[in-house]
Amino acid sequence: MCGVIGIVGQAPVNQALFDGLTVLQHRGQDAAGIVTCDGDRLFLRKDNGLVRDVFHTRHMVRLTGTMGIGHVRYPTAGNASSAEAQPFYVNSPYGITLAHNGNLTNMESLKEELFLEDQRHINTDSDSEVLLNVFAHELQARGKLALEPEDVFDAIGAVHRRCSGAYAAVSMITGFGVIAFRDPNGIRPLVFGRRTTEDGGEEYIVASESVAVDVLGFEMVRDVAPGEAVVITTDGQLHTRQCAENPQLSPCIFEQVYFARPDSMIDGVSVYKSRLRMGEKLAAKIAREHPDHDIDVVIPIPDTSRTSALELCNHLGLTYREGFIKNRYIGRTFIMPGQTQRKKSVRQKLNAIELEFRGKNVLLVDDSIVRGTTSQQIVQMARDSGARNVYFASAAPPVRYPNVYGIDMPAVTELIGHDRDEEAIGEAIGADWLVYQDLADLEESAREGNPDIHRFDASCFCGDYVTGDITPEYLTELEAARNDEARSGKESLNHNAIVDLHNDA
Ligand SMILES: O=P(O)(O)OC[C@H]1O[C@H](OP(=O)(O)OP(=O)(O)O)[C@H](O)[C@@H]1O
Ligand SMILES: NC(=O)CC[C@H](N)C(=O)O
Ligand SMILES: [Mg+2]
(Lines give C-alpha, C1' and ligand atoms only; values in the text may rest on other atoms or scores of the structure.)
(Ligands and ions follow the chains in the order given, each with its own letter.)
Protein backbone atom coordinates (compact mmCIF):
# COMPACT_ATOMS: atom_id res chain seq x y z
CA MET A 1 0.00 0.00 0.00
CA CYS A 2 1.14 3.52 -0.59
CA GLY A 3 -0.24 6.91 0.29
CA VAL A 4 -0.79 9.70 -2.24
CA ILE A 5 -1.64 13.37 -1.79
CA GLY A 6 -2.01 16.44 -4.01
CA ILE A 7 -2.86 20.06 -3.18
CA VAL A 8 -3.70 23.07 -5.30
CA GLY A 9 -3.54 26.06 -2.95
CA GLN A 10 -3.37 29.83 -2.90
CA ALA A 11 -0.18 29.88 -0.81
CA PRO A 12 2.91 27.60 -0.66
CA VAL A 13 1.88 23.95 -0.20
CA ASN A 14 5.17 22.36 0.90
CA GLN A 15 4.34 22.23 4.62
CA ALA A 16 0.80 20.98 4.06
CA LEU A 17 2.09 18.19 1.78
CA PHE A 18 4.67 17.21 4.39
CA ASP A 19 2.05 17.19 7.17
CA GLY A 20 -0.34 15.22 4.97
CA LEU A 21 2.29 12.60 4.22
CA THR A 22 3.01 12.10 7.93
CA VAL A 23 -0.69 11.36 8.41
CA LEU A 24 -0.50 8.80 5.58
CA GLN A 25 2.77 7.28 6.85
CA HIS A 26 0.99 4.09 7.98
CA ARG A 27 0.44 3.29 4.25
CA GLY A 28 4.14 3.21 3.37
CA GLN A 29 7.33 3.45 5.40
CA ASP A 30 10.02 2.77 2.81
CA ALA A 31 10.29 5.95 0.74
CA ALA A 32 8.74 9.39 0.53
CA GLY A 33 8.65 12.18 -2.01
CA ILE A 34 7.17 15.58 -2.80
CA VAL A 35 7.20 17.52 -6.05
CA THR A 36 5.96 21.11 -6.24
CA CYS A 37 5.33 23.38 -9.19
CA ASP A 38 6.33 27.04 -9.08
CA GLY A 39 5.43 28.79 -12.33
CA ASP A 40 6.95 26.64 -15.03
CA ARG A 41 9.50 24.92 -12.78
CA LEU A 42 9.20 21.68 -10.83
CA PHE A 43 10.99 20.99 -7.55
CA LEU A 44 11.42 17.41 -6.40
CA ARG A 45 12.73 15.74 -3.30
CA LYS A 46 12.41 11.99 -2.79
CA ASP A 47 14.40 9.26 -1.13
CA ASN A 48 14.13 6.08 0.87
CA GLY A 49 13.08 6.58 4.48
CA LEU A 50 10.27 7.90 6.64
CA VAL A 51 8.78 11.32 5.89
CA ARG A 52 10.57 12.90 8.84
CA ASP A 53 13.92 11.56 7.61
CA VAL A 54 13.59 12.39 3.92
CA PHE A 55 12.67 16.07 4.25
CA HIS A 56 15.07 18.33 6.09
CA THR A 57 14.69 22.11 6.29
CA ARG A 58 17.09 22.54 3.39
CA HIS A 59 14.80 20.44 1.19
CA MET A 60 11.59 22.03 2.40
CA VAL A 61 12.61 25.61 1.64
CA ARG A 62 13.32 24.66 -1.94
CA LEU A 63 9.94 23.00 -2.50
CA THR A 64 8.31 26.25 -3.54
CA GLY A 65 5.02 26.83 -5.32
CA THR A 66 1.30 26.69 -4.65
CA MET A 67 0.62 23.22 -6.00
CA GLY A 68 2.26 19.88 -5.52
CA ILE A 69 1.86 16.15 -5.01
CA GLY A 70 3.43 13.65 -2.61
CA HIS A 71 3.84 9.94 -1.95
CA VAL A 72 4.78 7.48 0.77
CA ARG A 73 5.88 4.12 -0.60
CA TYR A 74 5.47 0.49 0.33
CA PRO A 75 6.86 -1.35 -2.71
CA THR A 76 4.70 -3.93 -4.43
CA ALA A 77 6.47 -3.97 -7.80
CA GLY A 78 10.04 -3.45 -8.89
CA ASN A 79 12.34 -3.17 -5.90
CA ALA A 80 12.99 -1.00 -2.87
CA SER A 81 15.70 1.14 -4.48
CA SER A 82 15.44 4.89 -3.97
CA ALA A 83 15.32 5.16 -7.77
CA GLU A 84 11.77 3.84 -7.50
CA ALA A 85 10.68 6.33 -4.86
CA GLN A 86 7.81 8.50 -6.10
CA PRO A 87 6.60 10.88 -7.55
CA PHE A 88 7.95 9.92 -10.99
CA TYR A 89 8.60 12.53 -13.68
CA VAL A 90 8.55 12.63 -17.49
CA ASN A 91 9.44 15.78 -19.34
CA SER A 92 7.27 15.22 -22.41
CA PRO A 93 4.59 16.35 -22.92
CA TYR A 94 4.20 19.39 -20.62
CA GLY A 95 6.33 18.03 -17.71
CA ILE A 96 4.19 15.48 -15.86
CA THR A 97 4.71 13.95 -12.41
CA LEU A 98 2.75 11.09 -10.87
CA ALA A 99 2.29 9.27 -7.56
CA HIS A 100 0.53 5.91 -7.53
CA ASN A 101 -1.10 3.62 -4.99
CA GLY A 102 -1.87 0.14 -6.26
CA ASN A 103 -0.37 -2.31 -8.67
CA LEU A 104 -0.75 -2.82 -12.41
CA THR A 105 -1.37 -6.44 -13.38
CA ASN A 106 -0.45 -6.04 -17.06
CA MET A 107 2.76 -4.12 -16.52
CA GLU A 108 4.93 -6.43 -18.65
CA SER A 109 2.82 -6.18 -21.79
CA LEU A 110 2.37 -2.42 -21.28
CA LYS A 111 6.13 -2.00 -20.99
CA GLU A 112 6.62 -3.78 -24.28
CA GLU A 113 3.89 -1.71 -25.95
CA LEU A 114 5.38 1.51 -24.62
CA PHE A 115 8.71 0.63 -26.16
CA LEU A 116 7.60 -0.89 -29.46
CA GLU A 117 4.62 1.27 -30.28
CA ASP A 118 4.82 4.47 -28.24
CA GLN A 119 8.63 4.78 -28.38
CA ARG A 120 8.92 5.61 -24.71
CA HIS A 121 11.74 4.54 -22.43
CA ILE A 122 11.13 3.02 -18.98
CA ASN A 123 14.18 3.16 -16.73
CA THR A 124 13.09 1.22 -13.65
CA ASP A 125 11.09 -1.91 -12.80
CA SER A 126 8.34 0.16 -11.23
CA ASP A 127 4.79 -0.26 -12.52
CA SER A 128 4.13 3.35 -11.50
CA GLU A 129 6.66 4.58 -14.07
CA VAL A 130 4.73 2.52 -16.63
CA LEU A 131 1.42 4.09 -15.57
CA LEU A 132 2.89 7.59 -15.88
CA ASN A 133 4.21 6.86 -19.36
CA VAL A 134 0.90 5.45 -20.57
CA PHE A 135 -0.80 8.63 -19.31
CA ALA A 136 1.88 10.83 -20.90
CA HIS A 137 1.59 9.02 -24.21
CA GLU A 138 -2.19 9.36 -24.25
CA LEU A 139 -1.91 13.09 -23.52
CA GLN A 140 0.68 13.49 -26.25
CA ALA A 141 -1.61 11.68 -28.68
CA ARG A 142 -4.17 14.52 -28.33
CA GLY A 143 -1.54 16.83 -29.87
CA LYS A 144 -2.57 19.96 -27.97
CA LEU A 145 -0.29 22.82 -27.05
CA ALA A 146 -2.84 24.41 -24.69
CA LEU A 147 -4.34 21.62 -22.63
CA GLU A 148 -8.04 21.61 -21.59
CA PRO A 149 -9.57 19.43 -18.83
CA GLU A 150 -11.45 17.51 -21.56
CA ASP A 151 -8.12 16.42 -23.09
CA VAL A 152 -7.02 15.07 -19.72
CA PHE A 153 -10.30 13.18 -19.30
CA ASP A 154 -9.95 11.66 -22.78
CA ALA A 155 -6.40 10.59 -21.97
CA ILE A 156 -7.52 8.95 -18.73
CA GLY A 157 -10.27 7.12 -20.63
CA ALA A 158 -7.48 5.64 -22.76
CA VAL A 159 -5.42 4.82 -19.63
CA HIS A 160 -8.41 2.83 -18.36
CA ARG A 161 -8.63 0.93 -21.64
CA ARG A 162 -4.93 0.04 -21.55
CA CYS A 163 -4.14 -0.54 -17.87
CA SER A 164 -5.37 -3.39 -15.65
CA GLY A 165 -5.09 -3.75 -11.92
CA ALA A 166 -5.31 -1.23 -9.13
CA TYR A 167 -4.42 2.43 -9.42
CA ALA A 168 -5.41 5.38 -7.32
CA ALA A 169 -3.15 8.05 -8.75
CA VAL A 170 -2.37 11.71 -8.32
CA SER A 171 -0.62 13.51 -11.14
CA MET A 172 0.53 17.08 -11.73
CA ILE A 173 0.97 18.76 -15.08
CA THR A 174 3.34 21.72 -15.02
CA GLY A 175 1.51 25.03 -15.15
CA PHE A 176 -1.86 23.26 -15.62
CA GLY A 177 -3.03 21.58 -12.40
CA VAL A 178 -3.40 18.45 -10.31
CA ILE A 179 -5.30 15.38 -11.52
CA ALA A 180 -6.59 12.45 -9.48
CA PHE A 181 -7.96 9.24 -10.97
CA ARG A 182 -9.07 5.87 -9.72
CA ASP A 183 -9.22 2.54 -11.57
CA PRO A 184 -12.65 1.36 -12.82
CA ASN A 185 -13.01 -1.03 -9.84
CA GLY A 186 -12.04 1.59 -7.27
CA ILE A 187 -9.81 -0.99 -5.59
CA ARG A 188 -7.64 1.56 -3.75
CA PRO A 189 -9.16 4.51 -1.91
CA LEU A 190 -9.02 8.15 -3.08
CA VAL A 191 -10.89 11.18 -1.76
CA PHE A 192 -10.91 14.91 -2.32
CA GLY A 193 -11.69 17.93 -0.17
CA ARG A 194 -11.95 21.70 -0.38
CA ARG A 195 -11.42 24.75 1.80
CA THR A 196 -12.01 28.44 1.29
CA THR A 197 -9.24 30.85 2.23
CA GLU A 198 -9.89 34.05 4.20
CA ASP A 199 -9.99 36.08 1.01
CA GLY A 200 -12.50 33.75 -0.62
CA GLY A 201 -10.13 31.65 -2.78
CA GLU A 202 -10.73 27.91 -3.22
CA GLU A 203 -8.06 25.34 -2.31
CA TYR A 204 -8.33 21.62 -3.08
CA ILE A 205 -6.76 18.46 -1.74
CA VAL A 206 -6.79 14.89 -3.03
CA ALA A 207 -5.54 12.08 -0.79
CA SER A 208 -5.61 8.34 -0.22
CA GLU A 209 -7.53 8.68 3.02
CA SER A 210 -9.96 11.19 4.46
CA VAL A 211 -7.82 11.49 7.60
CA ALA A 212 -5.38 13.68 5.62
CA VAL A 213 -8.26 15.91 4.49
CA ASP A 214 -9.45 16.33 8.12
CA VAL A 215 -6.07 16.91 9.69
CA LEU A 216 -5.10 19.59 7.17
CA GLY A 217 -8.33 21.51 7.83
CA PHE A 218 -10.08 20.78 4.52
CA GLU A 219 -13.68 19.65 4.24
CA MET A 220 -14.36 16.32 2.59
CA VAL A 221 -16.14 16.70 -0.73
CA ARG A 222 -16.41 12.97 -1.52
CA ASP A 223 -14.61 9.86 -2.71
CA VAL A 224 -13.32 9.89 -6.27
CA ALA A 225 -15.68 7.41 -7.96
CA PRO A 226 -14.24 4.29 -9.60
CA GLY A 227 -13.13 5.23 -13.12
CA GLU A 228 -13.62 8.92 -12.42
CA ALA A 229 -11.00 11.65 -12.84
CA VAL A 230 -10.81 14.94 -10.98
CA VAL A 231 -8.93 17.90 -12.43
CA ILE A 232 -8.08 20.96 -10.35
CA THR A 233 -6.50 23.67 -12.46
CA THR A 234 -3.90 26.11 -11.10
CA ASP A 235 -6.58 28.82 -10.80
CA GLY A 236 -8.55 26.62 -8.38
CA GLN A 237 -11.27 25.37 -10.78
CA LEU A 238 -12.62 21.87 -10.19
CA HIS A 239 -13.65 19.62 -13.10
CA THR A 240 -14.78 15.99 -12.80
CA ARG A 241 -15.76 13.32 -15.30
CA GLN A 242 -16.44 9.60 -15.39
CA CYS A 243 -13.79 8.26 -17.79
CA ALA A 244 -14.40 4.48 -17.66
CA GLU A 245 -16.89 2.54 -19.74
CA ASN A 246 -18.10 0.07 -17.12
CA PRO A 247 -17.05 1.23 -13.67
CA GLN A 248 -18.02 -0.98 -10.75
CA LEU A 249 -17.01 -0.17 -7.21
CA SER A 250 -15.14 -3.18 -5.74
CA PRO A 251 -12.94 -1.73 -3.00
CA CYS A 252 -10.25 -3.76 -1.26
CA ILE A 253 -11.60 -5.25 1.97
CA PHE A 254 -8.09 -5.41 3.45
CA GLU A 255 -8.15 -1.61 3.79
CA GLN A 256 -10.96 -2.11 6.29
CA VAL A 257 -9.16 -4.97 8.05
CA TYR A 258 -5.67 -3.51 8.40
CA PHE A 259 -4.40 -0.81 6.09
CA ALA A 260 -6.45 2.29 6.62
CA ARG A 261 -6.48 4.39 9.75
CA PRO A 262 -9.61 3.82 11.82
CA ASP A 263 -10.44 7.53 11.67
CA SER A 264 -10.79 7.41 7.88
CA MET A 265 -13.96 7.05 5.83
CA ILE A 266 -13.54 4.94 2.69
CA ASP A 267 -16.34 4.87 0.11
CA GLY A 268 -18.79 5.99 2.73
CA VAL A 269 -17.71 3.36 5.28
CA SER A 270 -16.23 4.37 8.62
CA VAL A 271 -13.21 2.12 9.06
CA TYR A 272 -13.61 2.39 12.82
CA LYS A 273 -17.23 1.27 12.79
CA SER A 274 -16.52 -1.54 10.39
CA ARG A 275 -13.80 -2.82 12.75
CA LEU A 276 -16.26 -2.61 15.66
CA ARG A 277 -18.69 -4.75 13.67
CA MET A 278 -15.88 -7.22 12.90
CA GLY A 279 -15.40 -7.60 16.66
CA GLU A 280 -19.11 -8.06 17.26
CA LYS A 281 -19.48 -10.77 14.60
CA LEU A 282 -16.33 -12.56 15.73
CA ALA A 283 -17.65 -12.60 19.29
CA ALA A 284 -20.85 -14.25 18.05
CA LYS A 285 -18.81 -16.93 16.28
CA ILE A 286 -16.73 -17.64 19.39
CA ALA A 287 -19.91 -17.92 21.44
CA ARG A 288 -21.30 -20.38 18.87
CA GLU A 289 -18.17 -22.51 18.54
CA HIS A 290 -17.01 -22.41 22.15
CA PRO A 291 -20.13 -21.92 24.26
CA ASP A 292 -18.36 -23.31 27.33
CA HIS A 293 -15.14 -21.40 26.92
CA ASP A 294 -13.01 -20.62 29.95
CA ILE A 295 -11.47 -17.32 28.73
CA ASP A 296 -10.36 -15.13 31.64
CA VAL A 297 -9.15 -12.15 29.70
CA VAL A 298 -9.14 -10.70 26.15
CA ILE A 299 -5.85 -9.15 25.00
CA PRO A 300 -5.45 -7.28 21.70
CA ILE A 301 -2.28 -7.40 19.63
CA PRO A 302 -1.56 -3.73 19.18
CA ASP A 303 -2.11 -1.68 17.19
CA THR A 304 -4.66 -2.38 14.53
CA SER A 305 -6.69 -5.10 16.29
CA ARG A 306 -7.58 -2.92 19.26
CA THR A 307 -10.86 -1.61 17.87
CA SER A 308 -12.30 -5.01 17.02
CA ALA A 309 -10.85 -6.69 20.13
CA LEU A 310 -12.56 -4.22 22.47
CA GLU A 311 -15.95 -4.71 20.84
CA LEU A 312 -15.48 -8.49 20.76
CA CYS A 313 -14.76 -8.38 24.46
CA ASN A 314 -17.83 -6.24 25.20
CA HIS A 315 -20.04 -8.70 23.34
CA LEU A 316 -18.64 -11.71 25.20
CA GLY A 317 -18.94 -9.86 28.50
CA LEU A 318 -15.30 -10.45 29.38
CA THR A 319 -12.41 -8.43 30.79
CA TYR A 320 -10.24 -6.48 28.36
CA ARG A 321 -6.60 -5.92 29.22
CA GLU A 322 -3.64 -4.37 27.41
CA GLY A 323 -1.22 -7.26 27.92
CA PHE A 324 1.20 -6.17 25.20
CA ILE A 325 2.82 -2.77 25.12
CA LYS A 326 3.90 -1.40 21.80
CA ASN A 327 7.11 0.51 21.31
CA ARG A 328 5.81 3.60 19.56
CA TYR A 329 9.11 4.16 17.74
CA ILE A 330 8.91 0.94 15.73
CA GLY A 331 6.78 1.05 12.57
CA ARG A 332 4.26 -1.43 11.26
CA THR A 333 5.97 -4.81 10.91
CA PHE A 334 3.80 -6.28 8.17
CA ILE A 335 4.78 -3.61 5.66
CA MET A 336 8.51 -3.93 6.33
CA PRO A 337 10.55 -5.35 3.47
CA GLY A 338 12.00 -8.81 4.13
CA GLN A 339 11.04 -11.55 6.54
CA THR A 340 14.19 -11.24 8.71
CA GLN A 341 13.40 -7.62 9.53
CA ARG A 342 9.71 -8.37 10.10
CA LYS A 343 10.52 -11.24 12.47
CA LYS A 344 12.99 -9.25 14.52
CA SER A 345 10.71 -6.26 14.71
CA VAL A 346 7.79 -8.08 16.33
CA ARG A 347 9.90 -8.72 19.43
CA GLN A 348 11.31 -5.19 19.43
CA LYS A 349 7.87 -3.74 18.99
CA LEU A 350 5.76 -5.71 21.46
CA ASN A 351 6.50 -6.61 25.05
CA ALA A 352 4.27 -8.58 27.41
CA ILE A 353 3.11 -7.45 30.85
CA GLU A 354 3.60 -10.72 32.67
CA LEU A 355 1.02 -10.23 35.38
CA GLU A 356 -1.76 -10.09 32.79
CA PHE A 357 -0.87 -13.59 31.61
CA ARG A 358 0.33 -15.57 34.63
CA GLY A 359 -2.03 -18.48 35.34
CA LYS A 360 -4.76 -17.16 33.02
CA ASN A 361 -6.62 -18.44 29.99
CA VAL A 362 -6.09 -15.63 27.51
CA LEU A 363 -7.80 -14.87 24.21
CA LEU A 364 -5.44 -12.98 21.91
CA VAL A 365 -7.12 -11.00 19.13
CA ASP A 366 -5.46 -9.81 15.94
CA ASP A 367 -6.93 -8.19 12.86
CA SER A 368 -5.39 -10.77 10.54
CA ILE A 369 -2.86 -13.57 10.26
CA VAL A 370 -0.87 -13.32 7.03
CA ARG A 371 2.56 -14.92 7.22
CA GLY A 372 2.02 -15.79 10.87
CA THR A 373 5.14 -13.84 11.87
CA THR A 374 3.31 -11.88 14.55
CA SER A 375 0.97 -14.54 15.88
CA GLN A 376 3.62 -17.25 16.27
CA GLN A 377 5.83 -14.98 18.36
CA ILE A 378 2.99 -13.48 20.35
CA VAL A 379 1.56 -16.85 21.35
CA GLN A 380 5.01 -17.87 22.51
CA MET A 381 5.40 -14.62 24.47
CA ALA A 382 2.06 -15.26 26.17
CA ARG A 383 3.21 -18.74 27.17
CA ASP A 384 6.59 -17.46 28.35
CA SER A 385 4.70 -15.01 30.53
CA GLY A 386 2.92 -17.90 32.25
CA ALA A 387 -0.45 -18.09 30.45
CA ARG A 388 -2.28 -21.35 31.20
CA ASN A 389 -4.08 -21.56 27.85
CA VAL A 390 -3.64 -19.32 24.83
CA TYR A 391 -6.58 -18.96 22.43
CA PHE A 392 -6.47 -16.87 19.30
CA ALA A 393 -9.08 -15.00 17.24
CA SER A 394 -8.57 -13.28 13.91
CA ALA A 395 -10.94 -10.51 12.78
CA ALA A 396 -10.29 -11.54 9.15
CA PRO A 397 -10.60 -14.99 7.53
CA PRO A 398 -7.49 -17.03 6.66
CA VAL A 399 -5.30 -15.33 4.04
CA ARG A 400 -4.83 -18.07 1.44
CA TYR A 401 -4.11 -16.29 -1.87
CA PRO A 402 -1.59 -13.69 -3.01
CA ASN A 403 -2.58 -10.06 -3.34
CA VAL A 404 -1.87 -8.48 -6.70
CA TYR A 405 -3.40 -5.05 -6.15
CA GLY A 406 -0.92 -3.20 -3.95
CA ILE A 407 -0.44 -5.32 -0.82
CA ASP A 408 2.90 -7.02 -0.64
CA MET A 409 1.93 -10.65 -0.32
CA PRO A 410 2.88 -11.98 -3.75
CA ALA A 411 4.11 -15.44 -2.77
CA VAL A 412 1.46 -17.97 -1.83
CA THR A 413 4.00 -20.25 -0.15
CA GLU A 414 4.86 -17.49 2.33
CA LEU A 415 1.26 -17.38 3.62
CA ILE A 416 0.74 -19.51 6.71
CA GLY A 417 -2.79 -20.35 5.51
CA HIS A 418 -2.02 -21.41 1.96
CA ASP A 419 -1.83 -25.16 2.52
CA ARG A 420 -3.26 -25.55 6.02
CA ASP A 421 -6.79 -25.85 7.32
CA GLU A 422 -7.77 -23.72 10.30
CA GLU A 423 -6.84 -26.38 12.82
CA ALA A 424 -3.39 -26.78 11.29
CA ILE A 425 -2.87 -23.00 11.31
CA GLY A 426 -3.80 -22.97 15.00
CA GLU A 427 -1.18 -25.66 15.60
CA ALA A 428 1.42 -23.80 13.53
CA ILE A 429 1.04 -20.63 15.58
CA GLY A 430 0.95 -22.70 18.78
CA ALA A 431 -2.56 -21.74 19.94
CA ASP A 432 -4.83 -24.03 21.97
CA TRP A 433 -7.66 -23.09 19.66
CA LEU A 434 -8.07 -20.57 16.87
CA VAL A 435 -11.20 -18.90 15.54
CA TYR A 436 -11.32 -17.02 12.24
CA GLN A 437 -13.93 -14.55 11.05
CA ASP A 438 -16.15 -15.88 8.24
CA LEU A 439 -15.73 -14.02 4.95
CA ALA A 440 -19.46 -13.27 4.71
CA ASP A 441 -19.32 -11.66 8.17
CA LEU A 442 -16.25 -9.64 7.27
CA GLU A 443 -17.88 -8.30 4.11
CA GLU A 444 -21.08 -7.59 6.00
CA SER A 445 -19.09 -5.65 8.63
CA ALA A 446 -17.92 -3.26 5.93
CA ARG A 447 -21.08 -3.27 3.81
CA GLU A 448 -23.29 -2.21 6.72
CA GLY A 449 -21.50 1.13 6.42
CA ASN A 450 -22.56 1.50 2.77
CA PRO A 451 -25.13 -0.99 1.42
CA ASP A 452 -24.47 0.30 -2.12
CA ILE A 453 -21.17 -1.58 -2.23
CA HIS A 454 -22.17 -4.78 -3.98
CA ARG A 455 -18.74 -6.29 -4.26
CA PHE A 456 -15.43 -6.10 -2.41
CA ASP A 457 -12.07 -7.24 -3.63
CA ALA A 458 -11.49 -10.03 -1.12
CA SER A 459 -9.11 -11.97 -3.37
CA CYS A 460 -6.55 -12.77 -0.68
CA PHE A 461 -9.29 -14.63 1.21
CA CYS A 462 -11.20 -16.27 -1.64
CA GLY A 463 -8.95 -16.23 -4.72
CA ASP A 464 -11.51 -14.33 -6.82
CA TYR A 465 -9.71 -11.35 -8.42
CA VAL A 466 -12.02 -8.48 -9.41
CA THR A 467 -10.08 -7.49 -12.55
CA GLY A 468 -10.68 -10.98 -13.96
CA ASP A 469 -7.26 -11.18 -15.65
CA ILE A 470 -5.27 -13.11 -13.05
CA THR A 471 -4.16 -16.50 -14.37
CA PRO A 472 -2.29 -19.24 -12.48
CA GLU A 473 0.70 -18.49 -14.77
CA TYR A 474 0.66 -14.84 -13.72
CA LEU A 475 0.69 -15.86 -10.05
CA THR A 476 3.54 -18.32 -10.61
CA GLU A 477 5.65 -15.66 -12.33
CA LEU A 478 4.84 -13.11 -9.64
CA GLU A 479 5.86 -15.52 -6.91
CA ALA A 480 9.15 -16.33 -8.64
CA ALA A 481 9.97 -12.65 -9.08
CA ARG A 482 8.86 -11.32 -5.74
CA ASN A 483 9.28 -13.97 -3.07
CA ASP A 484 11.47 -12.91 -0.17
CA GLU A 485 14.51 -14.82 -1.37
CA ALA A 486 14.39 -13.43 -4.92
CA ARG A 487 14.09 -9.91 -3.58
CA SER A 488 16.85 -10.05 -1.04
CA GLY A 489 19.26 -10.93 -3.88
CA LYS A 490 18.10 -8.01 -6.02
CA GLU A 491 18.06 -5.36 -3.37
CA SER A 492 21.59 -5.95 -2.21
CA LEU A 493 22.79 -5.04 -5.73
CA ASN A 494 20.84 -1.87 -5.88
CA HIS A 495 22.63 1.25 -4.74
CA ASN A 496 22.21 3.41 -7.80
CA ALA A 497 21.62 7.12 -7.57
CA ILE A 498 18.27 8.44 -8.78
CA VAL A 499 18.13 9.25 -12.48
CA ASP A 500 15.40 11.82 -12.40
CA LEU A 501 14.37 15.42 -12.29
CA HIS A 502 17.38 17.53 -11.45
CA ASN A 503 17.09 20.67 -9.45
CA ASP A 504 18.79 21.94 -6.35
CA ALA A 505 16.11 20.77 -3.90
O1 LIG B 1 0.78 -12.64 10.14
P2 LIG B 1 1.70 -11.49 9.91
O3 LIG B 1 2.47 -11.69 8.64
O4 LIG B 1 2.56 -11.19 11.08
O5 LIG B 1 0.82 -10.22 9.58
C6 LIG B 1 -0.28 -9.80 10.36
C7 LIG B 1 0.11 -8.81 11.42
O8 LIG B 1 0.77 -7.67 10.83
C9 LIG B 1 0.04 -6.49 11.09
O10 LIG B 1 0.58 -5.79 12.19
P11 LIG B 1 1.65 -4.60 12.08
O12 LIG B 1 2.68 -4.77 13.09
O13 LIG B 1 2.12 -4.48 10.67
O14 LIG B 1 0.86 -3.23 12.31
P15 LIG B 1 -0.11 -2.68 13.46
O16 LIG B 1 0.76 -2.13 14.55
O17 LIG B 1 -0.89 -1.63 12.74
O18 LIG B 1 -0.99 -3.77 13.95
C19 LIG B 1 -1.35 -6.97 11.43
O20 LIG B 1 -2.02 -6.05 12.27
C21 LIG B 1 -1.09 -8.26 12.14
O22 LIG B 1 -0.76 -8.02 13.49
N1 LIG C 1 1.81 -0.21 -2.37
C2 LIG C 1 1.69 0.50 -3.46
O3 LIG C 1 0.66 1.11 -3.72
C4 LIG C 1 2.89 0.48 -4.38
C5 LIG C 1 2.84 1.32 -5.62
C6 LIG C 1 3.76 0.78 -6.71
N7 LIG C 1 3.25 -0.45 -7.23
C8 LIG C 1 5.17 0.58 -6.17
O9 LIG C 1 5.59 -0.49 -5.97
O10 LIG C 1 5.88 1.51 -5.94
MG1 LIG D 1 -0.75 -5.87 14.01
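Predicted model only: the values in this text are computed from it and were never measured. Indexing begins at 1, ligand by ligand and atom by atom, following the structure's order. Just so you know, residue 1 is the first one in the sequence shown, and it goes up from there.
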Study note, to complete from the structure: The answer, listing residues by chain and number that come under 4.0 Å of ligand 1 through any heavy atom, is Y258, P302, D303, T304, R332, T333, F334, K349, D366, D367, S368, I369, V370, R371, G372, T373, T374
Review point. Can you name the residues that form a ring pair (Phe, Tyr, Trp, His ring centres under 6.0 Å) with F192, not counting sequence neighbours?
Key: none
Check your understanding: So, do H59 and F18 have ring centers that fall under 6.0 Å from each other?
Key -> no
Review point. Does the ring center of F135 lie less than 6.0 Å from the ring center of F88?
Key: no
Practice item. Scan side-chain atoms only and decide if T467 and Y405 contain a donor-acceptor pair under the 3.5 Å cut-off. Key: yes
Point to revise | R275 side-chain N/O to M278 backbone N/O, donor-acceptor pair under 3.5 Å | key: no
**Study point:** Approximate separation, where rounding is to 0.5 Å, of E422 CD and W433 CH2
**Key:** 12.5 Å
Study note, to complete from the structure: d(S445 OG, I253 CD1) to nearest 0.5 Å is 7.5 Å
Study note, to complete from the structure: Result for side chain to side chain contact (heavy atoms under 4.5 Å, CB included) between L276 and one of V271, T307, L312 points to T307
Check your understanding: Which protein residues have a heavy atom closer than 4.0 Å to any atom of ligand 2, listed by chain and number?
Key -> M1, C2, R73, Y74, P75, T76, A77, Q86, H100, N101, G102, N103, D127, S128, G406
Please list, one pair per line, the donor and acceptor atoms closer than 3.5 Å that link side chains of residues 255-264 to other protein atoms, with sequence neighbours excluded.
unit_1: E255; atom_1: OE1; unit_2: R27; atom_2: NH1; d: 2.8
unit_1: E255; atom_1: OE2; unit_2: R27; atom_2: NH2; d: 2.9
unit_1: E255; atom_1: OE2; unit_2: R188; atom_2: NH1; d: 2.9
unit_1: Q256; atom_1: OE1; unit_2: S274; atom_2: OG; d: 2.8
unit_1: R261; atom_1: NE; unit_2: D263; atom_2: OD1; d: 3.0
unit_1: R261; atom_1: NH2; unit_2: D263; atom_2: OD2; d: 2.7
unit_1: S264; atom_1: OG; unit_2: E209; atom_2: OE1; d: 2.7
unit_1: S264; atom_1: OG; unit_2: V211; atom_2: N; d: 3.4

